[in-house]
Amino acid sequence: MPAVDKKRLAPKEQQQFRTRLYESKMYKKASKAVETILKKFPDHGESLAMKALIFNSTNKKTEAYEWVKKAITADITSFLCWHAYGLICRSDRNYAQAIKCYQNALKHERDNLSVMRDLAYLQIQTRDIEGYTETWRQLMMIKPEQKTNWICYAIGLHQLGRHETAVAVLDEFLRLDSMDRGDQAYESSELLLYRNTILEDGGELNEALADLTKIDEKVLDKYSLKERRAHLFNRLSRFDEAKKGWEELLDLNPDNHKYHKGYQTAHGLLKVSDSSSWTEEQRSTFDKVYTLLKEKYPRCDAVGFFNLQHLTGDRFHQVLDEYARKKIQRGVPSLFEDLRSVYDDPKKREISRELFQGYVSNLEKSHKFSEKDEKEADPDAIIWVKYFLAQHFDETGDYNEAHKLCTEVVAHTPTLVEAYLTLASIYKHGGDPVKAVEAANTAREMDLADRYLNNECARYQLAADQVEEAIKTVGMFSKEGEEPLGYLEDMQAMWFETCVGKSFLRQNKLGRAIKSLLPVHKHFDDIVDDQLDFHSYCLRKMTLRSYVSMLKLEDRLQAHAFYHKGVKPLVRAYIQLHDNPTKTKEQIEQEKVAAMPDAERKKYNQKQRAAEKKRLEEQEKLKELNKGKPEKKVDEDPDGEKLEQVADKLKEAEKYLTVLKKHSPKNIQVQLLTFEVAFRQKKPLLALQALTAASKIDRQHPALHSAIVRFFHAESQASDRHELVKEFVSIGKNNLVGEVSLEQFTRQYLDSHRDNYASVVAAAQNLALLDASKQGEATQLMSDLSRARGKTDRKAALSACEWMRSRDETAEKKLREEGRRVFPFEVKFQSVEDKQ
Amino acid sequence: MPRKHQVETAFGAITIKNLKQLEILNVNLLPVKYPSKFYTEVTDVYHRTSTFVVGAVCARVEDANAEKNTNKRLYIMTLGVLSPYRGHGIGTKLLNFLIEALSSTDVKQIYLHVQVNNTEAIEFYKRHGFEIVGTETDYYKKITPADSHILQKTL
């Protein structure tokens with residue numbers, strides 16, 4: 001009976017099949033064993049499946065799929081065959097398909113524990129929490145003696161928001177197994193703390209608080225215990241007890257910012273992150289509390305940090321004076337970085353500038369920070385003060401002043417490495433990327449063993465579009481004998497890939513830009529995939545609290561700044577490619593040949609054929625030479641030409657935008673890019689949706705203003721719109737523009753943004769777009785650089801020049817001259833002059 | 001004798017990785033430009049405060065020379081401190097570093113060249129027990145005055 005043959009083996013082969021060669025990763029031996037069985041029983045499904053698994057483990061994917069399909073055809077009711085198929089899909093990251101396979105496997109052998117576990121891990125990986133919870137519920141029913149089954153079921157319930165049941169399950173489990181044995185102390189401690197967080201998440205704050213006392217003895221992580229207690233007191237508004245709790249914790253570690261924030265909350269300073277809305281009373285409470293903390297922990301940086309954050313006016317001045325002197329005397333290079341977070345506040349920015357400029361004049365006069373000082377400062381104090389001010393002016397866009405100060409620092413102490421990096425930053429922001437490289441390279445040469453300096457130098461080289469040089473630079477620190485690019489990709493060095501991509505984007509080498517940026521997206525996919533191992537690992541280690549917070553982290557992974565930095569330029573590259581599709585080498589070749597006279601073409605073709613033959617021969621020779629050596633990976637598309645030839649560029653852009661939008665819907669750049677893509681796809685409703693979303697984020701953004709005008713102007717001229725679309729567009733216009741004409745709208749915008757040069761440029765160009773006769777007015781508006789400063793305005797001025805070039809040469813020339821005065825480092829203002 | 005207060009300093013080694021810092025120092029401190037060969041040959045100590053370099057010393061031991069009638073002695077090739085940091089005793093520390101290093105050897109003499117008009121340096125060495133033992137005319141080729149004093153100290 002053939003049907004039986006497919007399932008059953010003779011006893012000898014049965015024996016052979018059962019040897020656990022595959023499980024112990026002895027693939028060669030396993031392969032031999034399977035082949036012997038298959039010789040006698042060529043249709044034995046499970047052996048075929050085994051063969052497929054061996055292929056899969058030896059990285060022969062196509063064969064693996066081929067044989068596993070044969071296996072299933074031979075024995076469609078075998079759970080093992082389905083399980084094998086599932087495993088292969090899983091290793092290929094096709095989780096949806098793998099889940100289906102596991103479910104099929106379970107149809108044929110219900111209650112197979114290992115398949116059920118595998119299924120559950122994939123369910124949580126794909127965030128099918130319902131399915132995950134159900135699978136563990138079943139597992140728990142089948143094997144209640146296994147503790148993971150209970151715990152995972154509880155995790156599932158917790159994630160579903162069924163807190164009460166989750167706690168009940170854990171309680172039942174703890175009743176059966178209190179995990180009191182000494183070797184389980186850590187696991188027990190973690191489990192109890194995890195249970196406590198579920199109580200809190202379910203809103204049972206009082207119960208959670210009481211529970212902490214109950215579990216006190218068994219919990220090993222005493223810090224967590226104290227933190228949770230203080231935190232729960234806060235949530236229950238029992239602030240006196242909370243204060244005591246946080247004070248105790250601050251005694252253990254006064255530099256922990258979490259403790260400070262908790263302590264501030266306990267003092268009724270609820271919106272700790274935004275002190276601008278504090279009442280006078282709250283301000284004075286804060287000041288009192290922190291004056292005490294200052295006495296208690298005089299050397300603590302965190303106390304200083306929060307003082308600088310929340311104090312204003314004279315008190316801010318006073319605290320900053322003390323804080324800054326301490327850091328300057330210790331020569332702390334990161335002083336400016338420490339203060340960057342208070343630089344959002346223009347008043348604090350001014351106080352800080354005045355204070356430091358005061359230091360400069362006093363130090364230069366008398367070597368003292370202030371005239372009242374008795375002691376002279378160290379000779380290096382002046383350079384740290386000027387170094388700080390240079391960064392201040394770099395940040396606030398006054399590159400002339402920044403450059404002057406930084407040069408003075410270098411003249412005073414030419415061995416201060418940091419000063420060269422700041423000089424590089426000033427040049428870069430000021431528009432001279434090549435000078436920036438020179439400065440950064442000096443810094444690098446001053447300490448060749450410093451990887452940070454090396455990376456910074458490479459970063460500046462990329463900003464100056466010196467890609468080859470940058471690769472050489474990073475190569476000095478990558479693994480010896482390996483291509484730096486491949487090594488950096490393996491190390492997921494996204495900053496480098498991003499900067500390379502942006503450089504190619506600037507150079508309009510779009511294929512190479514895409515090629516360099518795609519890995520950033522892939523790294524994030526990899527990080528998401530890497531979770532898979534942790535679903536089982538964290539359970540074994542019982543690190544449940546970390547596990548649950550990891551799940552949350554992974555859910556918002558692509559909101560990370562690195563993803564934005566890398567993937568937004570990728571989207572831009574596809575948009576640019578759509579606007580100016582490039583030709584392939586073959587297309588260019590074909591056009592060239594087609595344009596030749598017949599005789600010449602014949603000759604040319606002959607020559608080409610000979611060259612091709614020679615190339616093939618050489619390839620053969622090379623193959624012969626390299627025989628036996630491991631094959632080197634050859635990049636078949638080094639310039640990304642194939643990537644450029646993707647049929648629907650906008651669809652590619654959309655693919656990545658979908659991810660960006662899912663994780664960061666509140667990011668204006670993401671919405672504006674979405675608009676750009678939809679606008680080009682001629683999808684007015686999607687475009688409108690993006691504009692509306694963007695206007696809710698920052699209504700005054702110059703790029704948004706331009707986009708709105710461009711969109712409604714185009715719509716007003718479109719003739720083929722459906723009535724319904726027209727209606728939606730008109731509603732949208734009412735919301736975004738109001739009941740005025742686009743020109744009036746633009747003038748309103750102009751009037752309220754006179755102080756901002758970049759906004760003026762946007763509005764002026766819109767005026768001319770709406771009505772060509774307004775070109776003169778637009779030119780005049782853009783010619784006034786009196787309020788322009790900083791990087792954004794410098795770029796706006798460049799775009800204004802670009803705009804004028806084809807319209808008004810005299811005005812352009814004048815603007816350039818003016819630009820050279822305001823932005824003396826910008827090479828693009830200089831070069832045209834040089835040419836003339 | 002330092003005229004100003006002492007500042008916190010520490011010694012560090014010159015290595016192939018940080019030679020550039022010595023080069024920057026010398027360019028700023030010395031009237032003559034040293035060829036790059038000089039930098040590949042030195043391995044001595046430089047002087048730094050906690051975060052950056054403010055001075056350096058390079059010296060070599062020369063064997064006894066029967067022709068010139070000299071014993072084994074130490075020749076100071078370069079010694080300098082950036083001007084804003086002078087007067088804080090850093091040069092003295094550099095010099096003492098050399099003297100201490102010699103204490104367990106049989107080198108009992110230190111000598112060096114100083115351009116004749118460099119009073120600041122001559123004062124410094126005299127304060128530390130050096131004497132002018134001779135003057136070489138036309139010692140320097142590219143700078144004026146070209147004459148150089150030889151200063152020497154016997155330990």
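Residue numbers begin at 1 in each chain, while the letters A, B, ... track the order of the sequences. When reading the values below, keep in mind they use all heavy atoms of this one structure, side chains included, and skip hydrogens, waters and symmetry mates.
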Determine all donor-acceptor pairs shorter than 3.5 Å in which one atom belongs to a side chain in residues 477-490 of chain A; sequence neighbours excluded.
from	atom 1	to	atom 2	distance (Å)
A:Ser478	OG	A:Gly475	O	3.4

More than 12 foreign heavy atoms under 6.0 Å from [atom1] of [X]: is that the case here?
X	atom1	answer
A:Glu337	CD	yes
B:Glu131	CD	no
A:Tyr452	OH	no
A:Lys472	NZ	no

*Among residues 434-448 of chain A, which residues come closer than 4.5 Å to chain B, judged by heavy atom distances?*
A:Thr442, A:Glu445, A:Met446, A:Asp447, A:Leu448

*Might you point out which heavy atoms bring A:Val417 and B:Gln21 nearest each other, and give the distance in Å?*
CG2-NE2, 4.5 Å

*Closest approach of A:Thr415 to B:Phe52 (non-hydrogen atoms, all atoms of both residues)*: O-CB, 3.8 Å

*Report yes if some heavy atom in the side chain of A:Ile383 is under 4.5 Å from a heavy atom in the side chain of B:Pro84; otherwise report no.*
no

*Option passing side chain to side chain donor-acceptor pair (under 3.5 Å) with B:Tyr85 (candidates A:Asp378, A:Thr413, A:Asp380)*: A:Thr413

